[in-house]
Amino acid sequence: MATATTQSPKREAFGSRNVFILSAIGSAVGLGNIWRFPYVAYEGGGGAFLIPYLCALLTAGIPLLFFDYAIGHRFRGSAPLAFRRMHRRAEPLGWWQVLICVIIAVYYAVIIAWAAMYTWFSAQLTWGPGNENDFFFIDFLRSADVAEVGVSTEFVPQVGLPLVAVWLIVIVIMALGVKRGIGRANMILMPLLTVMFAILVVQSLFLPGAMDGLNAFFTPNWEALGNPAVWASAYGHIFFSLSVAFGIMVTYSSYLKRKTDLTGSGLVVAFANSGFEILAGIGVFAALGFMAQAQGTEVAGVASSGIGLAFIAFPTIVSQATGGSIIGVLFFGALVFAGITSLISILEVIVAALQDKLGWARIRTTLTVSIPLAIVSLALFSTTTALSVLDTADAFVNAFGIMAVALVAVIVVAWLLHKLPTLVDHLDRRSSFRVGRVWMLLVGALAPLVLGYLLVTELISKISEPYGGYPGWFLAVFGWGMVIALVALALLLSALPWSGRSHAKDDPEYDEFLAKEDYEPDAETASITTVPTSEPRTTEKGAGA
C-alpha cells in the first residue's frame with residue numbers, strides 16, 4: 001500500500017490571519033447587509049432596534065460563529081469531513097450545508113449579474129426617468145405574469161450574458177485556490193468595497209432631504225421593544241448576516257494555521273460586519289430621504305428592502321439626484337463586489353467538500369463543481385420565469401434549509417454527541433480570551449430555543465397560505481420538494497464511500513495537529529485517522545469505506 005504522504009495532498013491554507021479575517025468579512029458582508037438590514041432596522045423600531053440587534057449579536061451571532069470556527073479548526077476539514085471526524089454519523093450535517101450552498105450559488109450569481117448590468121445602466125440612465133419599475137420587470141427581466149408561473153425556456157440575453165461572465169470570473173478565482181485565488185480576491189475586493197461604499201454614504205448625506213431619511217432610520221420607537229416579532233427579527237437577521245450554518249466558516253477556519261486566535265478573529269469579523277450594516281443603513285436612508293422629498297411624500301412611503309430597494313428605489317434616486325450616475329455606479333458596483341466575495345465563499349464549501357471526499361486536485365474539483373452549477377444557473381435564471389423561481393428557492397432554503405440545519409446541528413453536537421466541552425476546550429486553547437461555560441450555555445440552550453421559535457414561526461407562515469401566491473405545484477417543486485431533497489441527498493452522499501485519496505482516509509497533517517495539541521482522538525475520529533507512532537504506517541480503511 002502507498003504511504004500516507006503519497007495519499008494525502010497538503011491541505012491549503014490562508015496566507016495569514018489577516019487574509020482569513022478579510023475573507024470571512026467578505027463572506028459575511030453580502031447583499032443582505034446592503035439591501036435588507038436598513039429596512040429590518042427601520043421596521044423594528046429605528047434606533048431602538050439596535051438594542052435587540054446588539055443582544056442578538058452577543059448572545060447568538062458571535063457564539064454560533066465561534067461554534068463554526070471551533071468545529072472547522074479542531075477537526076481540520078470541509079463541513080462533511082469536520083462533522084465526520086467529530087462523529088461518523090454526524091457527516092450528513094456537513095453535506096446538508098453543502099447542498100444548501102449549491103442552491104444558493106445557483107441563484108446568487110444571477111443577482112450579481114443584475115447588479116453588474118445596472119452598474120452600466122446607471123452610467124447612462126438607461127431606464128429613463130419615471131420608468132424604473134417597468135424597466136426592471138418588463139424591459140430588463142421580461143418577467144412572466146404570476147398567473148403564468150412555470151419554468152420558461154425563453155432566453156433573456158441581457159441577463160444570460162453577464163451571468164456567464166460572473167461564472168467565468170468566480171471559476172478563475174476558485175481554480176487559483178485558497179491562497180492565490182480566494183485570499184487575493186478578498187484582499188482586493190474588500191478594500192475597494194469599503195472605499196466605494198464610504199464614498200456613496202458621504203455623497204448620500206449631502207442630498208436634499210438626507211436628514212429626513214436619517215431621522216426616520218435612527219429615531220427610536222421604544223414601543224417596538226415590547227413586540228416579540230421585533231426580537232425574533234433581530235435574531236433572524238444576525239443569524240443569516242454572519243454566514244453561520246452555511247458550512248462557510250467551518251471550511252474557512254479549517255484553512256487557518258494551528259496557532260490562531262479564533263475568538264479574537266471572530267470578534268473582528270462580527271463587529272466589522274455589523275459596522276458595515278450600520279454604514280449601509282446610513283447611506284440607504286439618506287438616499288431614501290432625498291427620494292421622499294423629491295416625491296413629496298414621507299420616508300415610510302418609499303422605504304423598501306431587497307430587490308425592490310436595489311433595482312427600483314435606487315434607480316429612481318439615481319434618476320432624480322444631481323450626480324445620480326455616480327451614486328448608481330457606486331451602489332451597484334458595491335453590490336457586485338459584495339456578491340462576488342460571498343459567492344466564492346459559498347462555492348468553496350462545495351469544492352472543499354468534494355476535494356476531501358474524492359481526493360481530487362483543485363482545478364479538477366473546481367471545474368466539476370462550477371460548470372454544472374453554471375449550466376443550471378443559466379437554465380433557470382436567464383429566462384422569463386427567473387424571478388419567481390429565485391424568490392421561492394431563496395425563501396425556502398433560508399427558512400427550512402439554513403435555519404433547520406443550524407437547529408439540528410446545535411442539538412446534535414450539544415445534546416446527542418456532547419461535544420461542546422471538546423469545542424470549548426479548543427477555543428480556550430487557541431484564543432485571546434476564554435469563552436467557558438457561558439458560551440456552552442448560549443450555544444446549547446439559548447440557540448436551540450431561538451432557532452426553534454424562528455423555524456416554527458416560518459413553518460406556520462408558509463403552511464397557512466401559499467407563499468407569494470404561487471401555484472401549489474410550483475411551491476411543491478421549488479419550495480417543499482427542494483427542502484426534502486436536500487435532506488435526502490445529504491444522507492445519500494454520506495453513505496457513499498470516501499476515496500482512498502481523500503483526507504478522511506489518512507491525513508498526517510491532522511494527526512500532527514492532534515499530537516501537537518496533546519489531543520486524544522475520539523473513538524469516531526480514530527476510525528478515520530490515527531495518531532502517528534514511531535513506526536511508519538500505511539493507509540487504513542476509514543469508516544464507511
Side-chain angles (χ1 to χ4, degrees), residues 30-40 42 104 107-146 156-163 165-166 193 196-197 200 204 213 280-281 283-288 290-292 294-295 301-321 324-340 342-343 377 380-395 468:
L31 303 177
N33 298 68
I34 299 173
W35 74 21
R36 186 172 185 271
F37 170 77
Y39 187 74
V40 169
Y42 171 69
I104 295 174
Y107 70 75
Y108 207 83
V110 77
I111 304 176
I112 301 172
W114 295 349
M117 287 301 294
Y118 263 70
T119 306
W120 172 251
F121 294 156
S122 295
Q124 307 176 74
L125 298 179
T126 305
W127 47 77
N131 191 42
E132 295 82 9
N133 187 79
D134 288 345
F135 179 83
F136 178 66
F137 290 108
I138 299 173
D139 298 339
F140 180 56
L141 294 184
R142 298 182 187 170
S143 293
D145 191 274
V146 175
V156 182
Q158 62 265 32
V159 175
L161 295 179
L163 181 55
V166 169
L193 169 62
M196 287 175 63
F197 213 80
L200 171 66
S204 298
V284 166
F285 268 83
L288 290 176
F290 162 77
M291 181 178 173
Q295 295 182 359
V302 298
S304 61
S305 66
I307 290 172
L309 170 68
F311 297 104
I312 298 173
F314 251 86
T316 303
I317 294 167
V318 171
S319 297
Q320 297 173 347
S325 291
I326 299 175
I327 293 176
V329 169
L330 290 172
F331 177 78
F332 290 108
L335 285 183
V336 171
F337 290 163
I340 288 177
S342 295
L343 180 57
S377 182
L380 289 176
F381 300 108
S382 61
T383 68
T384 56
T385 53
L387 194 57
S388 53
V389 175
L390 187 156
D391 182 35
T392 304
D394 179 63

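In what follows, residues are counted from 1 in the order of the sequence shown.
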Kindly indicate whether the side chain of [X], heavy atoms from C-beta on, has any atom under 4.5 Å from the side chain of [Y].
{"X": "T383", "Y": "V389", "result": "no"}
{"X": "L387", "Y": "D391", "result": "no"}
{"X": "F197", "Y": "I34", "result": "yes"}
{"X": "F140", "Y": "V156", "result": "no"}
{"X": "P157", "Y": "R142", "result": "yes"}
{"X": "S342", "Y": "Y108", "result": "yes"}
{"X": "D139", "Y": "T126", "result": "no"}
{"X": "S382", "Y": "V110", "result": "no"}

Locate the shortest heavy-atom distance separating [X] from [Y]; write the atom from each residue and the value.
{"X": "G128", "Y": "S319", "value": "O-OG, 4.4 Å"}
{"X": "A334", "Y": "L193", "value": "O-CD1, 3.4 Å"}
{"X": "A113", "Y": "P162", "value": "CB-C, 3.9 Å"}
{"X": "I111", "Y": "L390", "value": "CG1-CD1, 3.9 Å"}
{"X": "Q295", "Y": "Q320", "value": "NE2-NE2, 4.0 Å"}
{"X": "A310", "Y": "L335", "value": "CB-CD1, 4.1 Å"}

Notebook entry, point to check: Aromatic ring centroids of F311 and F137 under 6.0 Å?
Noted result: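 No; F137 has its ring centre 6.0 Å or more from that of F311.
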Item checked: Straight-line distance of I327 CD1 to F314 CZ, nearest 0.5 Å -> 7.5 Å
Notebook entry, point to check: Rounded to the nearest 0.5 Å, how far does CG of L288 lie from OG of S204?
Noted result: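 So the OG of S204 and the CG of L288 are separated by 9.5 Å.
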Check: Which residues satisfy the side chain to side chain contact (heavy atoms under 4.5 Å, CB included) test with L380, sequence neighbours excluded?
Finding: V151, V376, F478
Notebook entry, point to check: For I312, does the CD1 atom have more than 12 heavy-atom neighbours from other residues, nucleotides or ligands under 6.0 Å away?
Noted result: yes
Next item on the list: Could you pull out all residues at least two apart from F290 that satisfy ring-ring contact (aromatic ring centres under 6.0 Å, His included)?
Entry: none
Notebook entry, point to check: With sequence neighbours excluded, what pairs up with W127 under the ring-ring contact (aromatic ring centres under 6.0 Å, His included) test?
Noted result: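 ring-ring contact (aromatic ring centres under 6.0 Å, His included) check on W127 returns Y118.
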